[in-house]
Amino acid sequence: MDQDKNVSSFTRLDILIQYYLDRVTPYVVARWLTNLCLLIVFVVRIISIHGFYIIAYCLGIFLLNQFLLFLTPKQDPSFADDDDHAPSLPTRSNEEFRPFMRRLPEFKFWYITFKAFAISLILTFIPILNIPVMWPVLVIYFIVLFVLTMRQPKLIADQAPAAIKEGEMANYFGRKIAIDASMSIYQFLIAVRQNGENLTNDSGETTSHLMGMFYRTIRMIENGIKPVYVFDGKPPQLKSKELEKRLERRTEAEAEKTKAADAGDGEAFDKFARRTVKVTREHNDDCKRLLTLMGVPYVDAPTEAEAQCAALVKQGKVYGVGTEDMDALTFGADVLVRHLTFSETRKMPIREYSLTKALQGLGINFEEFTDLCILLGCDYCDSIKGIGQKRALDLIKQHRNIETILKNIDKKKYAVPDDWAYEQARQLFKVPEILPADATDLKWTEPDEDGLVSYMVKEKGFS
DNA sequence: ACTCTGTCTCAAGACGCG
DNA sequence: TTGAGACAGAGT
DNA sequence: CGCGTCC
């Protein structure tokens, strides 16, 4: 695991292997068919030469063991008893939902079985391993074990408890991760400031976003993560109301800011300055330039970056979405990685959320999940007062969709908003405007060091 | 007594030095 | 903006 | 670790 001395010497090979693994990841059926073929070859060989039963037995036990891990939700000891005060589940779309992660993800399960089949097959060519045993004994042994072990996971699965996968950066070695660029830039602009102002170069251009983007990307690449940045496009129509509100608030904050500046109130100034932050075209262009120089690909989303990120996951082009925003799950991204960036600096573990496992845990399907998220409140429309996490989930479980809920609900108690646009919102989640798979070409190349230096140092005044 | 919701507040990035 | 945590108030 | 600095 963490024997870093060895790691470096294997890095090359790792990268190579990971490269092929990545390419193979989307082809689930083909992968398993390959395994099936291997298994058949193995079985045929065992039967035809009447030997090596011990290897078959070991293989069987191993497969059984892995299969159990595959069925079992990941249950971290530290999360074992957080039933009431689920400490860090976000409020928005998944306070009550216990994201549900297999202890052994599908891909890893496949990979490990693949290796197991291959190794077993090879072992059958080593005569010394042909240890004579009574094969019926082994079969009985195996059946007993099988029956015994198959009982447990049912118990665990029935409880379907919290299952967030936690891990280190290193676990994502070689993985491709889609990241909402605008969101990151926004965060950099907000967080990276000194005396209430962003960092700037001599000519007064803001450089906070470049700083953050630069270091963060470096960090990820160092860890073998291949990031793809996704830039926001035009916001959808439905969001305009929300955006109006934001603009209003920003203008308000602007006024407060000026007031604070006049009064010489540094703290207040800082506070309001953060609220006036907006990601501009220039910021985006700067970052795109930087990314190009660093050899990191980016994608221009037609509308929402989160939606495009999710699409990249669905298309199998990246492993997951790296974000703090739970909306990515609503857009159908199966894998969501949180705290991806600061796990190294701070002691925050990386958390991986899986949509499929979460749905499993909640006992609902994706349409119902979408409705659930709308009920809980999204950017696109209002939500019903008095319905929060628990009630929303209960209602969804009972009625399965918003229409039925509306029919059955006591409208006096829970005021449904006028002209509630939940249907359009649902459409946006279901069929978001995204680029088709062949429109995005993700290539990671060597950084252009000279270009980087000249851009950062000469143009932006870095040292 | 308990559960659930809504509201408030706060912080926000990454580095390295001591 | 976002999430997280703490808390108060309404509902059961 | 906490805190000052990055530009």
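Below, chains carry the letters A, B, ... as their sequence lines are ordered, and counting in each starts from 1. Keep in mind the model is a prediction, meaning the values are calculated, not measured.
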Legend entry - Between A/Thr370 and A/Lys430, a side-chain donor and acceptor under 3.5 Å: no
Legend entry - Set of side-chain hydrogen bond (donor to acceptor under 3.5 Å, both in side chains) partners for A/Asn401, sequence neighbours left out: A/Thr404
Inset, instruction - Could you tell me which residues satisfy ring pair (Phe, Tyr, Trp, His ring centres under 6.0 Å) with A/Phe272, sequence neighbours excluded, listed by chain and number? - result: none
Inset, instruction - Remember a base hit wins even if backbone is also touched, and classify A/Leu210 as base, sugar-phosphate or nothing at under 4.0 Å, heavy atoms. - result: nothing
Inset, instruction - Rounded off to whole Å, could you give me the CD-to-P distance for the A/Gln389 and B/dG6 pair? - result: 9 Å
Inset, instruction - Enumerate the residue pairs fulfilling ring pair (Phe, Tyr, Trp, His ring centres under 6.0 Å) with a member in residues 372-419 of chain A, sequence neighbours excluded, ordered by first and then second residue. - result: A/Tyr380-A/Phe429
Pairs: protein N or O with nucleotides 7-9 of chain B N or O, under 3.5 Å:
none

Inset, instruction - For A/Asp382, check side-chain hydrogen bond (donor to acceptor under 3.5 Å, both in side chains) against everything at least two apart and list the hits. - result: none
Inset, instruction - Report the residues that fulfil side-chain hydrogen bond (donor to acceptor under 3.5 Å, both in side chains) with A/Thr217, sequence neighbours left out, ordered by chain and then residue number. - result: A/Tyr229
Legend entry - A/Glu222: salt bridge (charged side-chain N to carboxylate O under 4.0 Å, His left out) partners, not counting sequence neighbours: A/Arg219
Inset, instruction - List for me each residue that meets ring pair (Phe, Tyr, Trp, His ring centres under 6.0 Å) alongside A/Trp444, sequence neighbours excluded, and say none if there are none. - result: none
Please write out the pairs of protein N or O atoms and N or O atoms of nucleotides 8-12 of chain C separated by less than 3.5 Å, giving the distance to one decimal.
from   : atom 1 : to       : atom 2 : distance (Å)
C/dT12 : OP1    : A/Lys413 : NZ     : 3.2

Sort me out a list of protein N/O and nucleotides 2-7 of chain D N/O pairs below 3.5 Å, or just none if empty.
from  : atom 1 : to       : atom 2 : distance (Å)
D/dC7 : OP1    : A/Ser463 : N      : 3.3
D/dC7 : OP1    : A/Ser463 : OG     : 3.1
D/dC7 : OP2    : A/Ser463 : OG     : 3.1
D/dC7 : O3'    : A/Thr207 : OG1    : 3.1
D/dC7 : O3'    : A/Lys460 : O      : 3.1
D/dC7 : O2     : A/Thr200 : N      : 2.8
D/dC7 : O2     : A/Thr200 : O      : 3.0

Legend entry - For atom CG of A/Leu393 and atom P of B/dT5, their distance in whole Å: 10 Å
Inset, instruction - Whole angstrom is fine here: how far is it from OH in A/Tyr186 over to C1' in B/dG13? - result: 15 Å
Inset, instruction - Please list, chain by chain and in numerical order, all residues satisfying salt bridge (charged side-chain N to carboxylate O under 4.0 Å, His left out) with A/Asp334, sequence neighbours excluded. - result: none
Legend entry - Span that lies between the P atom of C/dG5 and that of B/dG13, in whole angstrom: 15 Å
Legend entry - d(NE2, A/His339; P, C/dT2) in whole Å: 16 Å
Inset, instruction - Take the protein atom CZ of A/Phe188 and the nucleotide atom C1' of B/dA14, then report the distance between them rounded to whole Å. - result: 9 Å
Legend entry - Residues in side-chain hydrogen bond (donor to acceptor under 3.5 Å, both in side chains) contact with A/Arg249, at least two apart in sequence or another chain: none
Inset, instruction - Pick the P atom in B/dT7 and in D/dC7, then give their distance to the nearest Å. - result: 44 Å
